[in-house]
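These numbers come from a predicted model, not from an experiment. Proteins get letters first, then strands, A, B, ... in listed order; numbering begins at 1 in each.
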Amino acid sequence: MTHLDTEMSQGSDFIRTIIKDDILSDKHKGKVATRFPPEPNGYLHIGHAKSICLNFGIAEEFNGATCNLRFDDTNPEKEEVEYIEAIKDDVTWLGFHWHGDIHYASDYFEDLYAYAVQLIKAGKAYVCSLSADEIREYRGTLTEPGKDSPYRNRSVEENLDLFERMRKGEFDEGSHILRAKIDMASPNINLRDPAIYRIRKAEHHRTGDAWCIYPMYDYTHCISDAMEGITHSLCTLEFEDHRPLYNWVLETLKTPCHPQQIEFSRLNLSYTLMSKRKLLQLVSEGHATGWDDPRMPTISGLRRRGYTPRSIRKFCERIGISKKESRIDVGVLEACLRDDLNENAPRVMGVLEPLKVVIENYPENQVEEMDMMNHPQKPEMGTRKLPFSKVIYIERSDFMEDPPKKFFRLGPGREVRLRSAYYITCTQVVKDPATGDILELICTYDPESRGGATPDNRKVKGTIHWVSALHAIPAEIRLYDRLFMEDNPEKGGADFRASLNPDSLTLIPKAMIEHTLAQAGPGYIVQFERQGYFCVDARDSKPDHLVFNRTVTLKDTWAKINQ
RNA sequence: UGGGGCGUCGUCAAGCGGUAAGACACAGGAUUUUGAUUCCUGCAUUCGGAGGUUCGAAUCCUCCCGCCCCAGCCA
């Protein structure tokens with residue numbers, strides 16, 4: 001059991017409360033079935049993770065419950081198989097398992113068509129031949145009722161004939177649509193004879209050219225849910241107004257099963273965006289290098305950044321489910337990550353900005369093997385040996401020529417501890433006479449302090465990390481920061497590009513890291529002590545050119561004090 | 001100004017008529033060979049506002065205020 005596991009319970013939110021009540025009242029014969037229904041028109045992001053954790057989480061928590069993965073692929077113009085594959089990978093990576101085979105709304109096209117015919121026969125749907133513009137005009141406004149389409153009272157026979165010919169491809173796109181006949185005066189605009197089928201002569205990624213009419217979301221989704229025997233159809237708030245339509249379709253069609261749609265608020269995260277359209281824009285305009293850019297809030301971006309499935313799941317658990325619109329501080333996500341990585345990431349040393357240190361009293365060609373703990377709180381994670389020699393690198397920022405009183409790292413005449421090695425004292429600062437830049441430090445070491453303690457027990461406040469110049473290996477390190485400078489990049493309708501953070505990526509072409517990392521493979525996550533958690537970039541790292549992404553920094557109270 | 005929602009700590013979020021959980025953040029302090037971790041401590045006399053019902057209200061009623069969503073042949 002870890003800190004993360006023991007933290008709490010699966011929370012109880014209003015949706016789980018409803019489900020528990022339904023189980024108690026035997027509403028669905030004790031059955032609980034959810035579904036995660038992405039449209040394959042983009043990559044999944046952390047907001048989808050919230051929905052995934054909810055739907056699949058419920059399936060895991062309730063006895064005998066299931067969760068389907070269903071692709072809502074009714075718009076062939078926007079959907080691609082590439083996205084389908086990416087979505088499957090993401091769900092799997094998060095550690096969830098869909099029930100049975102993957103479902104596709106397109107699997108139901110034939111059924112959907114038959115249901116539409118049924119609707120027409122019942123006088124509940126008609127083919128409308130108004131243009132898109134005309135339909136908009138007839139729809140009325142938010143405050144004024146709409147008016148009936150002149151085609152609203154076509155005979156069943158004519159509707160049947162027209163609809164069949166729509167399917168056969170006899171008509172151009174936009175010339176006719178099939179509409180539900182509900183109420184043009186409804187205060188709910190979704191009920192003003194909504195479109196349920198439109199003509200699209202587009203190739204579908206799964207059905208090819210078998211169809212040239214495609215069903216609309218509102219019509220498709222509820223029937224798909226019903227066909228799969230879903231009991232609780234969970235979606236986001238903006239579909240609340242669609243619920244009466246969802247119910248109308250199922251009631252009118254008298255489907256054998258009538259799932260309950262329940263809405264919850266979508267996730268917003270500070271300093272980032274959460275809409276597929278805008279994320280796509282970040283990619284297409286080159287503000288991000290791709291959907292899996294480590295700065296992206298996509299699942300694939302987070303994965304590449306070094307986020308773990310566990311940290312994302314924990315995050316989704318922590319933020320809860322409600323109907324309140326909210327924006328969660330990214331700090332919460334980072335805290336979940338740190339909780340997990342602190343527990344599980346092995347510690348290593350790496351110097352991002354090397355400053356050469358020559359230990360003048362250390363024997364010229366001597367090399368000692370120092371024992372290092374792989375995790376100070378977890379001896380079971382073992383130890384490793386690190387070579388120590390006369391010339392080492394330390395972090396440039398760990399030395400100050402004129403340090404303030406509270407700075408307890410290295411300075412002229414000051415003594416610090418090199419982690420798990422020796423105490424050193426700075427005796428000389430070597431500078432470039434022309435520029436005044438510090439070139440290297442000359443130090444002495446205390447041979448008595450091997451391992452990091454001395455017989456006299458003298459106190460050394462600072463402990464800094466180091467690598468042996470002779471043994472360290474170079475690595476490229478990418479320091480990531482938030483993509484946007486604004487908490488809400490779209491505040492007041494602003495163009496989010498105006499608040500892009502120019503420093504969201506800082507490249508360190510040649511950091512020096514301990515040799516034990518030479519074989520680190522893609523995705524391997526470590527803590528570079530005192531700096532943060534880093535992971536081997538799965539895309540660009542090569543054995544002869546290691547690339548690390550900074551996943552998240554360590555908390556740094558010193559930096560905070562310094563502000 | 002039609003319809004549908006939502007308003008509990010800086011940010012999330014429990015609470016469901018019996019006298020404000022928890023998390024993140026923040027502020028102190030202790031321990032520490034990572035200024036990390038860990039560990040203590042503090043952090044809403046008050047639940048958008050105003051009335052009312054009640055012995056008792058964040059929870060019930062009334063009115064008001066604020067915010068979000070809806071007029072795609074997108075999902």
On the nucleotide [N], are OP1 or OP2 found under 4.0 Å from the side-chain N or O atoms that [X] carries?
X      : N     : value
A:K560 : B:G35 : no
A:T463 : B:U34 : no
A:R243 : B:G4  : no
A:R139 : B:C73 : yes

So, does the side chain of [X] form a donor-acceptor pair with the base of [N] at under 3.5 Å?
X      : N     : result
A:R318 : B:G22 : no
A:Q527 : B:U34 : yes
A:E317 : B:A23 : no

Output all residues satisfying ring-ring contact (aromatic ring centres under 6.0 Å, His included) with [X], sequence neighbours left out; order by chain, then residue number.
X      : value
A:Y43  : A:Y83, A:W291
A:Y422 : A:F388, A:Y445
A:Y307 : none
A:F239 : A:Y217, A:H242

Enumerate the protein-to-nucleotides 6-10 of chain B contacts in which both atoms are nitrogen or oxygen and the separation is below 3.5 Å.
unit_1	atom_1	unit_2	atom_2	d
B:U8	OP2	A:K324	NZ	2.5

Note to self: Run the side-chain hydrogen bond (donor to acceptor under 3.5 Å, both in side chains) test against A:K555 and tell me which residues pass, sequence neighbours left out.
What the structure shows: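 Per chain and number, A:K555 pairs via side-chain hydrogen bond (donor to acceptor under 3.5 Å, both in side chains) with no residue.
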Notebook entry, point to check: With A:T308, which residues qualify under side-chain hydrogen bond (donor to acceptor under 3.5 Å, both in side chains), at least two apart?
Noted result: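 If we apply the side-chain hydrogen bond (donor to acceptor under 3.5 Å, both in side chains) test to A:T308, skipping adjacent residues, the hits are A:S311, A:D340.
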Next item on the list: For the pair A:D398 (side chain) and A:I464 (backbone), establish whether a donor and an acceptor sit closer than 3.5 Å, ignoring hydrogens and angles.
Entry: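 No.
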Close approaches to RNA chain B from [range], in residue order (heavy atom, under 4.0 Å):
range                       : result
residues 262-278 of chain A : none
residues 165-185 of chain A : A:G174, A:I177
residues 414-424 of chain A : A:R417, A:R419, A:S420
residues 68-76 of chain A   : A:D72, A:T74, A:N75

Item checked: Base-pairing mate for B:G42 - Watson-Crick or G-U, with both contacts under 3.5 Å -> B:C26
Notebook entry, point to check: Do A:N41 and A:E79 get their side chains close enough for a donor-acceptor pair, meaning under 3.5 Å?
Noted result: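 Short answer, no.
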Check: When the ring planes of A:W211 and A:Y113 are compared, do they come out parallel, tilted or perpendicular, using 30° and 60° as the limits?
Finding: tilted
Next item on the list: Using side chain to side chain contact (heavy atoms under 4.5 Å, CB included) as the criterion, list what pairs up with A:P455, not counting sequence neighbours.
Entry: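 For A:P455, the residues satisfying side chain to side chain contact (heavy atoms under 4.5 Å, CB included) (neighbours in sequence not counted) are A:E448.
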